[in-house]
Amino acid sequence: MRARRRGRRLSRMRGEGRVRRYILDRIRERGALHMTLIDPDKTGPEEAAEIGRAAYRSGTSAIMVGGSIGVSESMTDEIVLAIKREIDIPVILFPGSPTALSRHADALWFISVLNSQNPYFITGAQMQGAFIVKRYGLEALSLGYIIVGVGGAVSIVSYTRPLPFNKPEIVAAYALAAEYIGFDFIYLEGGSGGKPVPAEAVALVRKAVSIPILVGGGIRDPETAYRLVRAGADIVVTGTIVEESSNVEDALRGIVEAVEKGARDRVKG
Ligand code: 1GP
């Protein structure tokens, strides 16, 4: 029963854009998804494999690998390989720089930090990394990244002026601009370990755009995940909770269930 609920195995999917299809199919089937973020600066390969196994058992849909500071290509390789040996869901890079790409991943979020004040983080790093992505044969998932609230380490590193929580209309305007520019996904980032993006901002973005919305940063409990999905998020990302929990599987299962319940209740209205 449980195996059937997990849906299609990534290893059985072929052809171009298979990770994108996997994500969109799963959103269609389940209403909303959870992804688990592992930061190679904070987690070694053995622990990553353990987290990967627990996350998979909890029903998470993909593992994201990346971090803002102190991550090299070889560190990323080690983590990606350790996870891929264990589980059959996509491993998607979430790179903080073009020097943290691994040829062993299934795909990468090809991120542009839309509200950075420094063009390097909007198109410069992307230019530096583009041919590495092509050479490694990585599937690129274009992602308009918007940093909100306190913003955390990523906003400092990327020279971003985070959008205040009390200006959700500006968050929605960035998101709509991202859709018009042609991004396939939007990420509303509250900053790792910070305060989650308010549900009101997610709801306003949901009204404005039709592309999938990821939300992450500071989500540590099922209630918050539920509220964000209910407001319109398609993918909830959690990172810090797996570094802090004594029982990763249980902690993530609660969040995965809340995500799916949020999607069901959203449909019911
Ligand atoms: C950070 O949004 C992610 O980029 C995850 O944040 O570590 O707070 O879960 P947390």
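Worth knowing before you read on, the calculation uses all heavy atoms, side chains too, and leaves out hydrogens, waters and symmetry mates. First listed ligand is number 1; within each ligand, the first listed atom is number 1. Just so we're clear, the structure is a prediction, and the values are computed from it rather than from any experiment.
- For the 3.5 Å distance criterion, the side chains of Thr36 and Thr60 qualify, holding a donor opposite an acceptor.
- Near ligand 1, residues Leu37, Phe94, Tyr187, Glu189, Ser192, Gly193, Gly216, Gly217, Gly218, Thr238, Gly239, Thr240 each place a heavy atom inside the 4.0 Å sphere around the ligand atoms.
- The closest side-chain heavy-atom distance from Leu228 to Ile219 is below 4.5 Å.
- Of all non-hydrogen atoms in Asn115 and Pro162, the two that sit nearest each other are ND2-CA, 4.0 Å.
- At least one side-chain heavy atom of Val205 sits under 4.5 Å from a side-chain heavy atom of Leu188.
- Ring orientation note: the planes of Phe94 and Tyr145 are nearly perpendicular, at an angle over 60° on the 30°/60° scale.
- Distance alone, capped at 3.5 Å, is enough to place a donor-acceptor pair between the Gln126 side chain and the Gly124 backbone.
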